[in-house]
Participant: 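The structure is given below, and queries will be raised subsequently.
Below, all heavy atoms of this structure are taken into account, side chains as well, without hydrogens, waters or symmetry copies. This one's a predicted model, so the numbers in the text were calculated from it and none came from an experiment. Throughout, protein chains are lettered first and strands after them, A, B, ... in sequence-line order, and every chain is numbered starting at 1.
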Amino acid sequence: MCKLNYLQRKINCGMRLITSNLTIKEVQPKLKELIDHLFKIVPAGVGSKGFLKVNQSQFKDIMKTGTKWCIENNYGWEEDLKKTEAHGCITQANPDKVSQKAISRGLNQLGTLGSGNHYLEVQVAHASSIFEPEIAKVFKIHTPEQIVIMVHCGSRGFGHQVASDYLKVFDQAMKKYNITVKDRELGCAPFNSDEGQDYFQAMACAANMAFANRQVILHRIREGFSHVFKKSSEDLELNLVYDVAHNIAKIEKYKIDNKIKEVVVHRKGATRSFGPNNPELISEYQKTGQPVILGGSMETGSYLLVGTKKAEEETFGSTAHGSGRTMSRAQAKREVRGDKLQKEMEQRGIYVKTVSMSGLAEEAGIAYKPIETVVDSLDKSGISKKIVKLVPLGNVKGNANLNFIQLSGFLIALLVLLMNLIL
Amino acid sequence: MFKITQFDHTADIGFNIEASSLNELFKASAIATFDTMVEIKEIKPKTKKTIKLKNNKIDQLLFDFIDELIFLKDSKYMLFSKFNVKIKQEKTKEYSIVSEIFGEKINPKKQPLKIDVKAITFHEFFVKKEKNWKAKFVLDI
């Protein structure tokens, strides 16, 4: 097993994509009503609380079983489970390794978007933006101008508290194990040490809470669409395409020096990108490969890609995770005014609802790299293949950042893995 | 007396704090943290909470203090605007802090909220004494 275990912030921050049978023609007249309603039922911003109140014992079950708890408690459909990375549960989770402080922070956070760059976006797949129609059909994007919904969020304050708690543990452990790092924030410990194992089990709890959080948000999205369009979510065919993490450490097997070896892959600002015939994938996606969801800025759009064998061979099954910032928040605020940006976007057909205008300014499209450049380079390199471009129509904004410089995301995964490869 | 300077960071928010005393340094760090989340002057000091912490290292005490403030924000749904800080160094060389903090429940309808702070990080983090006390930290948002 590997030598070091780097600490992850933003544990299981990830993406979720949902399709519908609605088209832009049906959604456009009700867009404001829809976004305003989703803004109301999926809380965002500082100190937001979800509608779901769970007790300590239920929260421990969520930490252990993730998405499964949601399905068992009627916050989702059975098929959602299989369309979530790792079926929405990292099995090594052990709630005994999580502090009461972290639990207290997380208890009321299920079903909340949070702040930062987290968002819920209603998007359209224009006919001209479907690059691989056959694969898009497998992912249930089949109609010109079809409406989809994208969600970006993670384990909220709960995951951050888990990370902060173990950052302090690792700060001491590094002295014990004679490990030096350039930045104390990159706290680490040997994977098989007590500290390393404790953290891995606590991290898995936060990862499972994040899967559950995104599942409860999907449940609320279904309720919201049903309320606005006066049809059941089944009739609206609000199907989950996939839920994929872009900040997580997982034990996976790879062929190294002609031997199958078990390694820890840290995807920090990197998305899993498994290709066709990977045994981890469900039967529907065996021929296509795994859906890869890449978030862009709220002005420019996002992409659905698919994983490849090349990624499994060259980047430990990893690709990038979004368009990544090029401008600091302070700089973006100096250049853009939130209220002005909101009006300009509305004129361009994008309706944004946010709790914070300054936060909105920080998220302006000019603060991000062009998503096309990022996606084209991934496509060209062959570590994921572009399927559909998704254009924003309406956005519920927690407000703020894609944290890691995106293009270097998979490189980070690769480098960290190489450092950890001492088996 | 203290001075708070925000510095540019691509994805998160960083602060340089300079203060005439340790008490002022901690107070200013708390103000910087909450002013990131809300127009702090709009938060009424209605409710008091008390924080008591100890640590052998002064930098880790600041880390723990900010960590506790962020925890109270999420677990008690409160934002704070007034901070009384008393830091002592015991004979054992251990530092202790007793801080009375004042604020009110989060209310997005009344308070001009900005961006949520999820954690203090060790990235570029330090606390040191030169002519004045200085601290530098990056908040994860």
Side-chain angles (χ1 to χ4, degrees), chain A residues 7 9-10 43-49 99 101-109 114-118 154 156-161 163-165 167-168 170-172 181 183-187 324-331 334 355-359 362 367 398-405, chain B residues 5-15 33-39 43 55-57 59-61 63-64 66-80 103-109 111-126 137-141:
Chain A
L7 190 123
R9 287 267 183 198
K10 303 179 196 297
V46 181
S48 48
K49 281 194 260 187
S99 72
K101 198 172 179 178
I103 293 170
S104 300
R105 267 183 91 175
L107 270 180
N108 291 311
Q109 293 187 325
S115 183
N117 57 342
H118 296 153
R156 305 279 287 104
F158 172 66
H160 277 271
Q161 195 61 52
S164 287
D165 292 343
L167 192 61
K168 287 186 264 185
F170 280 14
D171 207 41
Q172 297 306 312
V181 288
D183 183 343
R184 275 170 86 189
E185 184 66 12
L186 293 173
R325 294 187 75 93
T326 54
M327 190 185 283
S328 74
R329 299 182 167 283
Q331 182 63 25
R334 283 193 287 271
V355 285
S356 164
M357 281 301 161
S358 62
E362 293 175 15
N399 63 55
N401 73 330
L402 268 186
N403 200 30
F404 292 88
I405 302 302
Chain B
T5 314
Q6 188 182 326
F7 64 87
D8 276 12
H9 188 277
T10 311
D12 294 317
I13 290 178
F15 289 99
T33 302
F34 280 96
D35 201 48
T36 302
M37 293 189 264
V38 66
E39 288 294 340
I43 300 300
N55 205 305
N56 288 322
K57 299 272 173 61
D59 61 340
Q60 285 176 12
L61 189 71
F63 188 95
D64 291 347
I66 301 297
D67 184 56
E68 189 68 16
L69 291 170
I70 295 166
F71 163 70
L72 288 171
K73 178 261 300 174
D74 275 345
S75 59
K76 305 291 178 196
Y77 308 103
M78 288 187 71
L79 293 166
F80 300 94
E104 62 176 327
K105 288 274 180 195
I106 297 173
N107 183 348
K109 286 178 186 159
Q111 299 153 351
L113 298 176
K114 297 179 188 169
I115 197 160
D116 201 13
V117 172
K118 293 165 187 162
I120 179 169
T121 73
F122 274 146
H123 184 58
E124 299 187 46
F125 179 67
F126 68 75
F137 57 87
V138 173
L139 298 173
D140 195 332
I141 56 176

Participant: Side chain, backbone, both or neither: which part of B:Lys105 has an atom under 4.5 Å from a heavy atom of chain A?
Facilitator: neither
Participant: With rounding to the nearest 0.5 angstrom, report the CG to OG1 distance, A:Asp183 to B:Thr121.
Facilitator: 7.5 Å
Participant: Quick check for you: among B:Lys73, B:Met37, B:Gln60, B:Gln6, which has the greatest number of heavy-atom pairs under 4.5 Å with chain A?
Facilitator: B:Gln60
Participant: To the nearest 0.5 Å, tell me how far A:Arg105 CZ sits from B:Leu72 CG.
Facilitator: 10.0 Å
Participant: I would like to know whether A:Glu185 and B:Glu124 meet side chain to side chain contact (heavy atoms under 4.5 Å, CB included); could you show each step before the answer?
Facilitator: CA-CA 8 Å; A:Glu185 184 66 12; B:Glu124 299 187 46; over 6 Å; no
Participant: Within the structure provided, determine whether B:Asp67 and A:Lys168 are in side-chain contact (heavy-atom separation under 4.5 Å).
Facilitator: yes
Participant: Measure the spacing between NZ of B:Lys76 and OG of A:Ser104 and express it to the nearest 0.5 Å.
Facilitator: 7.5 Å
Participant: If I measure from the heavy atoms of chain B, does A:Asp171 come under 4.5 Å with its side chain, its backbone, both, or neither?
Facilitator: side chain
Participant: Given that the side chain runs from C-beta out, which part of B:Phe7 has a heavy atom under 4.5 Å from chain A: side chain, backbone, both or neither?
Facilitator: neither
Participant: Could you check whether any side-chain heavy atom of B:Leu79 comes within less than 4.5 Å of a side-chain heavy atom of A:Val46, counting everything from C-beta outward?
Facilitator: yes
Participant: Give, as side chain, backbone, both or neither, the part of B:Ile106 having an atom under 4.5 angstrom from any heavy atom of chain A.
Facilitator: side chain
Participant: In terms of heavy-atom proximity below 4.5 Å to chain A, should B:Tyr77 be classed as side chain, backbone, both, or neither?
Facilitator: side chain
Participant: Looking at NE2 of B:His123 and CZ of A:Arg9, how far apart are the two atoms once the value is rounded to the nearest 0.5 Å?
Facilitator: 11.5 Å
Participant: In Å and rounded to the nearest 0.5 Å, what is the OG to CD1 distance from A:Ser164 to B:Ile70?
Facilitator: 7.0 Å
Participant: May I ask you to name which of A:His160, A:Gln109, A:Arg156 has the most heavy-atom pairs under 4.5 Å with chain B?
Facilitator: A:His160
